[in-house]
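Counting begins at 1 with the first residue of the sequence.
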Amino acid sequence: MSDNGPATAGLSSLLSRLSSIPMYKLLLIRKYLLKRRIAWVSLLAVTLCTAMVLVVISVMGGWLRMFQNTFQGVTGDVVVTTRSLAGFEGYEEIIERIERLPQVSAAVPVIKTWGLVNIDNQIIDGVQVIGVPIERIGLVNEFPKSLYRQYNQPIAEGREPPATPSFDLIPGIPYESFREGGSRYPGMIVSAGLVGIGRDAKGEMKRPAGLYQAWARLEVLPIQPDSITIQNLSSSPRLYWIVDDSRTKLWQLDQRTVYVPFDVLQRDLDMAARTTDDIDVTTGQPYVASARATEIQIDIKPGTDPAAMVEPIREIVTQVTGDPLVNGGGRLNVQTWQQAQAIWLAAIEKEVILVTMLFGIISLVAVFLIFVIFYMIVVEKTRDIGIIKSVGATNAGVAGIFLGYGLAIGVVGAGLGFAVALAIVRNINYLHEKMGQLLNVQIWDPQVYQFDTIPNTMDPRTVSMILITAVIAALMGAGVPAIRAARGNPVEALRFE
């Protein structure tokens, strides 16, 4: 009995005074936490695992939220789309009827097609061409906020941006001196990636010089609704001046897209209303072809679920177009923006779940590490456990000591892990930028991850769940050793060498 010297005697004396006071558990937990440095390894494991999971889930979850918010920002709450590049007729009447619905704020037509662009004989590429009525597009989405010259630059300089953007030529630029008749060309907005605007490996934003003095030749191919071959079709080229650039932060749009006036593109695609050579058998007059668009973007008033407006809008589209197969496999679809991007959103959600599961499995290491360390502590403290029981501690009291020990490890480790994760997530883009400058390495490639910045926000609900899980994991790791300690025989424990 004397082999343990003054340490055992001191512990016995302390417990003899406090055996009837529940506070002894807290005193022992504090003593073990501060003195048993091997337990700090389990504390470090909980901290690192918590921080790792929080950072990964925050980035992946933030990626999903950014994707959702960005797509919602570049389209309407509800969209009417067609599978045909020839577009659909009757969009003007459809818009008029839709805007009569009390739940609808605005509806705006859009034309999307493909073309070839030549920018100042420097960039020749295939592009997505989007025709927008730019004075109204801000009513249904946040495209105007993506513009550099007409929105972001004025804000950065402390000036008020214009109420509505435009394709007007930039005042003060001598277009006539660059090209004869140049002042008659319309304006074009180019996507940032198309003209090389973006961050380099060091994280610095680069913009080409002379961008707003560059001309662009855009060539599109008109397609009629009854076209079955392109052999007899002729392209429609037109010259433009670049008047602004757009950076939506969505890689699909920012890489190869140009934006032009809706009416100009409509004429070049032969989609404007026109009189044909055919004779209307009812009136005996030349048949007038209706104007066409490829998409209608609709903004729903706050407080109304966009999904609830799909059916009323579908009925309007069916009545105007006479197409009974709207949303039924026909050429027209009425969808919320989430439904329109369901494939992308579902894929990212599955990636988030998969990554969460993988890092959750990795985090089981902390549970096993706590189990091993606590088991070692229980074995090492067998004599102390015998003394505790001999002065009146119950099995539940002994188990409570080690469960409380595990709880303390979990709470402190989860708290430290949260602090570390918060510091990393809040400064992750700064850290990435510094890594690029020091190591010349770009880990977050916008061409792969769709966005040119790393998500740096933490969802409170997700954080709470992860912290609670970390504490529970620590308790699980301490559970078996606590049971072993509680079931020990005090006489045999006092004999333990």
Side-chain angles (χ1 to χ4, degrees), residues 69-70 73-75 108 110-112 115 117-123 125 127-179 181-200 203-218 238-265 297 446 451-453:
N69 294 336
T70 303
V74 298
T75 189
V108 176
V110 173
I111 296 176
K112 293 183 179 180
V117 70
N118 178 355
I119 300 177
D120 213 20
N121 285 332
Q122 300 297 315
I123 300 173
D125 207 345
V127 292
Q128 178 181 210
V129 184
I130 302 180
V132 295
I134 199 165
E135 68 285 350
R136 284 181 50 82
I137 197 66
L139 299 175
V140 295
N141 63 37
E142 297 183 353
F143 173 73
K145 294 183 180 181
S146 72
L147 304 180
Y148 174 74
R149 188 184 65 84
Q150 299 182 72
Y151 186 84
N152 290 287
Q153 186 180 39
I155 289 180
E157 296 174 353
R159 297 184 287 113
E160 188 71 21
T164 58
S166 72
F167 286 107
D168 294 344
L169 301 186
I170 303 173
I173 295 182
Y175 293 105
E176 291 288 343
S177 65
F178 298 147
R179 296 182 74 95
S183 59
R184 297 194 299 270
Y185 302 161
M188 170 189 286
I189 296 172
V190 295
S191 60
L194 179 64
V195 292
I197 298 173
R199 299 185 186 277
D200 59 15
E204 299 176 355
M205 184 65 71
K206 299 296 184 181
R207 303 182 63 84
L211 176 62
Y212 299 140
Q213 298 177 3
W215 55 267
R217 184 178 187 271
L218 178 65
R238 185 183 291 272
L239 288 170
Y240 294 84
W241 292 107
I242 296 177
V243 297
D244 212 336
D245 59 88
S246 167
R247 182 167 165 263
T248 66
K249 298 183 181 180
L250 189 62
W251 186 81
Q252 295 99 315
L253 287 177
D254 289 346
Q255 191 63 14
R256 286 185 177 86
T257 305
V258 298
Y259 304 86
V260 297
F262 177 86
D263 55 340
V264 173
L265 182 60
Q297 298 188 8
F451 299 100
D452 55 5
T453 57

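For D125 (side chain) and N118 (main-chain N/O), no donor-acceptor pair under 3.5 Å exists by modelled atom type. Side chain of W241 to main chain of G182: a donor-acceptor pair is present (N/O by atom type, distance under 3.5 Å, no hydrogens or angles). A side-chain donor-acceptor contact under 3.5 Å links R149 to the backbone of V243. Distance alone, capped at 3.5 Å, is enough to place a donor-acceptor pair between the D254 side chain and the T248 backbone. Without hydrogens or angle criteria, D244 side chain to Q150 main chain gives a donor-acceptor distance under 3.5 Å. The closest donor-acceptor contact from the side chain of Y185 to the backbone of A216 lies at 3.5 Å or more, if one exists at all.
Every residue was checked against the ring pair (Phe, Tyr, Trp, His ring centres under 6.0 Å) condition with Y148, not counting sequence neighbours, and none meets it. Every residue two or more places apart in sequence or in another chain that forms a salt bridge (charged side-chain N to carboxylate O under 4.0 Å, His left out) with R217 is listed here: E219. For Q297, the side chain to side chain donor-acceptor pair (under 3.5 Å) partners are N141, E295, not counting sequence neighbours.
No more than 12 heavy atoms of other residues, nucleotides or ligands shown are found within 6.0 angstrom of CZ on R184.
In this structure, OH in Y212 is found 4.5 Å from CZ in R207, a value given to the nearest 0.5 Å. Going from atom CG of D120 over to atom CZ of F178 covers 10.0 Å, rounded to the nearest 0.5 Å.
Shortest non-hydrogen contact noted between V108 and R136 is CG2-O, 3.5 Å. Between I197 and P208, the shortest heavy-atom contact is CG1-CD, 3.5 Å.
Remark: of the listed residues L147, I242, V132, T257, L147 is the sole one forming a side chain to side chain contact (heavy atoms under 4.5 Å, CB included) with I189.
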*Going through the checks in order, is the side-chain contact (heavy atoms from CB on, under 4.5 Å) test met by Y240 and I119?*
CA-CA 9 Å; Y240 294 84; I119 300 177; over 6 Å; no
*Before giving the answer on side-chain contact (heavy atoms from CB on, under 4.5 Å), spell out for T75 and V110 the whole-Å C-alpha distance, their side-chain angles and the decisive distance to 0.1 Å.*
CA-CA 10 Å; T75 189; V110 173; over 6 Å; no
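Side-chain atoms of R238 and L218, non-hydrogen and from C-beta on, never get closer than 4.5 Å to each other.
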